[in-house]
J.: 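Handing you this structure, nothing more for now.
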Amino acid sequence: MAYIAKLGERNYTVEVEEVEKSIYRVSVDGSEFLLDGKKTGRTNYSLIVDNRSFEVDIDVSEDDYRVLVDGRNYHIHLLDERRMRLGGLQAGIELQGRQRVSVPMPGKVIAVLVSEGDKVERGQGLVIVEAMKMENEVRSPINGEVKEVKVKAGDSLEAGAALLVVE
Amino acid sequence: MAYIAKLGERNYTVEVEEVEKSIYRVSVDGSEFLLDGKKTGRTNYSLIVDNRSFEVDIDVSEDDYRVLVDGRNYHIHLLDERRMRLGGLQAGIELQGRQRVSVPMPGKVIAVLVSEGDKVERGQGLVIVEAMKMENEVRSPINGEVKEVKVKAGDSLEAGAALLVVE
Amino acid sequence: MFKRILIANRGEIAVRIIRACRELDIETVAIYSEADRDALHVKYADHAYLVGPAPSTESYLAIDRILDVVKKSGADAVHPGYGFLAENSDFARACRDNKIVFIGPSPEVIDQMGDKVKARAIMKEAGIPVVPGSEVLDSEEEVEKAADQIGYPFMLKAAAGGGGKGLRMVRSAREITPAYRAVRSEAASSFGDARLYLEKYLVHPRHIEVQILADQHGKVIHLYDRECSIQRRHQKIIEECLAPALDYKARRNIGRIAIQGARAVGYVGAGTLEFLLDREMNFYFLEMNTRLQVEHAVTERVVGIDMVKAQIEVAAGAYLPWKQRHISPTGHAIECRIYAEDPERDFMPCPGRIEGLRLPEGLGVRNDCGVYEGAEVPIHYDPMIAKLIIWGENRVEAILRMRRALREYQVRGIKTNIPFHQWILRHPRFMVGDFNTGFIDEEYGASGTEDVFPHKEIALASAAIAALHRERERAARILERGATETSRWRESARKTVLRTVGGERKRQ
Amino acid sequence: MFKRILIANRGEIAVRIIRACRELDIETVAIYSEADRDALHVKYADHAYLVGPAPSTESYLAIDRILDVVKKSGADAVHPGYGFLAENSDFARACRDNKIVFIGPSPEVIDQMGDKVKARAIMKEAGIPVVPGSEVLDSEEEVEKAADQIGYPFMLKAAAGGGGKGLRMVRSAREITPAYRAVRSEAASSFGDARLYLEKYLVHPRHIEVQILADQHGKVIHLYDRECSIQRRHQKIIEECLAPALDYKARRNIGRIAIQGARAVGYVGAGTLEFLLDREMNFYFLEMNTRLQVEHAVTERVVGIDMVKAQIEVAAGAYLPWKQRHISPTGHAIECRIYAEDPERDFMPCPGRIEGLRLPEGLGVRNDCGVYEGAEVPIHYDPMIAKLIIWGENRVEAILRMRRALREYQVRGIKTNIPFHQWILRHPRFMVGDFNTGFIDEEYGASGTEDVFPHKEIALASAAIAALHRERERAARILERGATETSRWRESARKTVLRTVGGERKRQ
């Protein structure tokens, strides 16, 4: 199986094949290694590569893999090559295009800090949302322009609700 | 649903019905109570009965339920009434009949202490088995007679292998 | 001693109190909101009462409902934990009126310490240094006059304030007018008390506090100091005992001063005097918390006293069994608060279902955890789900052990600040103890998200293997279904054919 | 300091050593047998090497294979843990020959203490009381002669013995012949050394031991005593620090004596001198364990020293940083060993898959656990899966806390001795400290399995509800399958009909 994985600012081609029971041949951007990988929990693995041992724990939601290795989180966006070719997608370019800004949890809009047409910078506050007894500033993921504002102060928000669109 | 449950030396009739979501009407030998029971894990429950709170953890294997309440284990043998009627079984009388004596884990027979025809008492040693680096004496579950000896010293044992039959 | 204690709280602190009660053979009564039916504190308590809907104003803050449960349950004492009603004098008073023991100080003491201006005055009178500031000010002109005396920048604060609300920094005279209006209106709306005062602004002080225990018979001891300077959004996230900032002399001094302060208010129970420490090692009284603190566990580990049990015993009228000179701290303890939040998205809370949970274990590790694998972190309450408390023979060992433990910690399903704690614990300034309350603002923004990937290949391979397994499980499910379908399909097809054949026969 | 340590062990002790190394920033190398690929110690180590098949003679006891891995892995030291090769002087010698540091005493010391007769002689010479007994005896006649001196009953023991093997109690002269033959043949087959000696039989003594630490520069300190009298089949299951049996004077005395003994053999590293204590408070040297003990954790908690780190540092040549007078015990610690076994079936081992695992947490709780949820407990090794170590301000608090913790402990899938520990912790004789090595034999058989069911209704209801849910899940699976099958069935039937209809049409 071949995947396109985005980690940090870069894309990688990752190929993986189970050559015998729980032994995998893995290639990352062409450099190959053998990996002894045992599943030790629902999303927990014990990996041994060249006698180096790793415990990894993986939190998956759709195509996002949060991989915990050695106390560090790796956020990986993974698409299988076939699906990418079919869909004509390019992994990892999202952050340069149209951004739908949302909040992961239900809450209440306290204030909207920008209007449609405003130029915003990456990290600039867009909306203040109250959730879990705290006020949270939702910031712009990119440098761009506010294309659409979907909420106003006082609105109640469902989890995942779109607040605005920045492009 | 009605069950016949054996706990200790006694049989109980237990009826249970879910009257609304995770609220159960339970009757034990005719005395009835309401129980608020939420599943909080694969076999873990939070129960509230008359504002008394219990956490129970249940280890099931076939019809045997090991229920952990308040740090104490309750070994319950449970059969649903319908199946019992069909099979003509009587729960909890096993220990008066023919007993197949076995070991739960693989091991090696060190010595057989009885012969066919021997009268044995409950708790008397029958066979010595080495397993997990320890010698373990397998004892008779009942007062009775050794009907059949299936192993001899030096035999290797599979998990659950029958050693002998006492009746 | 009490027979039954109601815990007017939830989460890890409710579990912690239940544990203490169980060890004292006291029955516990949990209360829970509709969102908390499955919560750990409900599972662990002996009794459990639904107290209202999810919003805390209708449940954990609903004094009347809680009192009803106290009476129904036959509890003879109430432990408020921290937060919610822990510093609510109305609740303490209502308990007293109903002849129920409130495990905490008297409502009068709660009131005195709740009013920041009054608390400052009492401490000042008791000879305790307070941050230079004013009395209650009634107009912009009075603020200007006080500002001339104290100097800029200063903090304009609500007298009834707390929890980071109702305060503004004022850098120059022309900022007075807007700040005055803002604080006044926030104070009125948040606390129902528009009074305000000003306080000198200390630039990046360290936050030091002293733990006090006092019995009903006039004995007051301190259980040494803690440092809680690692904060974000005015909220402590890492606490230590003893405070690395203090030397032997300062430690003795601040302990003595804290006892003086507790005596001045006639304090009973466990309480904390908070101080700010400036660069010249001057300390100033900030406020007194008349309750158990989140961070009490680091003190417990270093002095070897179960503080919740001490609270309960003091409330029951017992004499404190310890003499000050018997309280000797051993080693060093650090606490990391584990929040359900996303440090990479500006610490946005992250409620949800905990799909996986593995706590760190071993020597020197204590977990105070309010959740379990499979539990929901509700959106209605504070996002702190657990505390990790580490002890070491000295501060260096404690830091290294904390790193080891954080590495073992696994939470799946929701995001947490565990990686953020790792970042702090690896920071050279934290390691040498060179920090203050501005640490996170100064350092975290600057270095930003670390884009360091030491085990890039392993992580990428893992994701790919997990994806492969997902794909396979999907295929297996389809296949399995397919197999039973196929056999059934064959059967049905066979029957149809037979029927058809039969039909044809008939027709022939 | 070492760069990389190989841990020649498995289970909880391997995990415990890995944790210490991680906190010292030393890389760890795990070895594993084919049965242990998924074991926790493999997951936690930095490096992992397969060392052989499941049987320990071919893996964890295979000196040559392990030495190969040491070389391949680039480890500069080996920690043997306890059990397996921990007291194997051949292994220690092989390490030395290969210029690898064996973390433990010299092979010479291991040999001296491994020979019970030699060890007794050395200690006796050093002025330490030993259990009255004989030299090596070469015939039945010599045994008879020695028996006349020492008196009946006595123990006939293999000189190279240990671990409860190769010994028989002799009550009268006529039992000498069979005992002599049995011990001689067991000694020859188990230890390859047929020599034997006799020792006075003490009736139900208490088991007391003293923890020793010694560096390479001649400094020897003791870390106080432990009591391990709660045993079944000569195996400790509950240990305490400090020993409840000792008073202040006896404690000081036994500590001093233990240091004397350690000096007499030129001991280096962590070691334990075991003593028997009779009813008149006389103690007698029993043997010396030249390694870390299972129960080292209770000492760690009470004296505040990480003993594995101390072992590593001493092995690296460091000076012990503690003076005897600085070692001051605080509070009381108790350890319960958690075994995969069935106390109701005569402690039969119970290997298998751990379907569910919840460890107790909170103040004063330490878990040293070698397994995880989903792990297999292999049949090849010792059934101890974890240790629960509890600290309290005093023994009573420790007992109450242990009960609280045991109640939180949940292991599903295999049976454990947790309920048995509960039974001991609730026993009045245990509570007042009135016990000895005969405690379990005297009390457990007598009271038998407790048929007390305080929450009978709850347990019965739970089982019924669980059965109901099982039934429903089964039904749901069938229904779900049925639904997809039905639609597929309809589809296939429709097609068949169409085909048939088509066929008929053609024919028409």
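Here is the naming used below: chain letters follow the sequence lines, and residue numbers restart at 1 for every chain. Only this structure's heavy atoms are used, side chains among them; waters, hydrogens and symmetry mates stay out. On a predicted model such as this, the values are computed, not experimentally measured, just so you know.
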J.: Is D/P378 close to chain B through its backbone or its side chain, or both, or neither, when contacts mean heavy atoms under 4.5 Å?
T.: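 The backbone, not the side chain.
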J.: Quick one: what part of D/L406 sits under 4.5 Å from any heavy atom of chain B, side chain, backbone, both or neither?
T.: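 Neither the backbone nor the side chain of D/L406 comes within 4.5 Å of chain B.
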J.: Assess, by modelled atom type and distance only, whether the side chains of B/N73 and D/E344 contain a donor and an acceptor separated by less than 3.5 Å.
T.: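 Looking only at side-chain atoms, D/E344 and B/N73 do not form any donor-acceptor pair under 3.5 Å.
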J.: Could you tell me the separation between the CZ atom of B/F54 and the CD1 atom of D/I458, rounded to the nearest 0.5 Å?
T.: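 Between atom CZ of B/F54 and atom CD1 of D/I458 there are 4.0 Å.
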J.: Which class fits the ring pair D/F453 and B/Y74: parallel under 30°, tilted 30 to 60°, perpendicular over 60°?
T.: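 Tilted.
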J.: Given that the side chain runs from C-beta out, which part of D/L425 has a heavy atom under 4.5 Å from chain B: side chain, backbone, both or neither?
T.: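 No part of D/L425 comes within 4.5 Å of chain B.
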J.: What's the spacing between D/K456 NZ and B/L7 CG if we round to 0.5 Å?
T.: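 Interatomic distance, D/K456 NZ to B/L7 CG, rounded to 0.5 Å: 8.0 Å.
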J.: Is the distance between the ring centroids of D/H469 and B/Y45 under 6.0 Å?
T.: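 Yes, ring centres under 6.0 Å apart.
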J.: Just verifying a value: how many Å separate D/L460 CG and B/R10 CZ, rounded to the nearest 0.5 Å?
T.: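 D/L460 CG to B/R10 CZ: 9.0 Å, rounded to 0.5 Å.
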J.: Do the side chain of B/Y24 and the main chain of D/S462 share a donor and acceptor less than 3.5 angstrom apart?
T.: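 No.
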J.: Chain B heavy atoms under 4.5 Å from D/Q422: which part of the residue, side chain, backbone, both or neither?
T.: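 When you check distances to chain B, only side chain atoms of D/Q422 fall under 4.5 Å.
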J.: Which bit of B/L68 is near chain D, if near means a heavy-atom gap under 4.5 Å: side chain, backbone, both or neither?
T.: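 Side chain only.
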J.: For D/A466 versus B/Y65, what's the shortest heavy-atom pair and its separation?
T.: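 Smallest interatomic distance, heavy atoms only, reads CB-CE2, 4.0 Å.
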J.: Heavy atoms, side chains only, cut-off 4.5 Å: are B/N44 and D/Q410 in contact?
T.: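 Result yes, sub-4.5 Å side-chain heavy-atom pair found.
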J.: Going through the checks in order, is the side chain to side chain contact (heavy atoms under 4.5 Å, CB included) test met by D/H455 and B/R52?
T.: CA-CA 11 Å; D/H455 298 302; B/R52 295 267 293 150; 3.8 Å; yes
J.: Does atom NZ (B/K108) have a neighbourhood of more than 12 heavy atoms from anything else shown, all under 6.0 Å?
T.: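 Atom NZ in B/K108 is not crowded, with 12 or fewer foreign heavy atoms closer than 6.0 Å.
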J.: From B/L35 CG over to D/E457 CD, what is the distance, rounded to the nearest 0.5 angstrom?
T.: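 Between B/L35 CG and D/E457 CD, I get 11.5 Å after rounding to 0.5 Å.
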J.: Drop me the distance from D/I465's CD1 to B/K39's NZ, to the nearest 0.5 angstrom.
T.: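 Nearest 0.5 Å value for the CD1-NZ distance: 11.5 Å.
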J.: Are D/R358 and B/E55 within salt-bridge range, i.e. N to O under 4.0 Å?
T.: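 The answer is yes: the pair qualifies as a salt bridge.
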J.: Looking at every non-hydrogen atom in both residues, tell me the closest pair between B/L78 and D/A463 and how far apart they are.
T.: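 Scanning both residues, the minimum pair turns out to be CD2-O, 3.6 Å.
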J.: Checking B/D59 side chain against D/G413 main chain: does a donor-acceptor pair fall under 3.5 Å?
T.: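 A pair under 3.5 Å: yes.
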J.: What part of D/E408 gets within 4.5 angstrom of chain B, counting heavy atoms only: side chain, backbone, both, or neither?
T.: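 Neither part.
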J.: Check whether more than 12 heavy atoms from other residues, nucleotides or ligands sit under 6.0 Å from atom CD of B/E32, and answer yes or no.
T.: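 Yes.
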J.: Flag the pair B/R66 / D/R412 as yes when at least one side-chain heavy-atom distance between them is below 4.5 Å, and no otherwise.
T.: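 A side-chain contact under 4.5 Å is absent here.
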J.: Tell me whether B/E62 is salt-bridged to D/R470, with the criterion being a basic N under 4.0 Å from an acidic carboxylate O.
T.: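 Salt bridge between B/E62 and D/R470, a charged N being under 4.0 Å from a carboxylate O: no.
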J.: Going through the distances and angles, do D/R407 and B/R72 end up as a side chain to side chain contact (heavy atoms under 4.5 Å, CB included)?
T.: CA-CA 8 Å; D/R407 196 178 134 151; B/R72 224 180 267 266; over 6 Å; no
J.: Counting only non-hydrogen atoms closer than 4.5 Å, does D/R404 touch chain B with its backbone (N, CA, C, O), its side chain (CB onward), both, or neither?
T.: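 Interface part for D/R404: neither.
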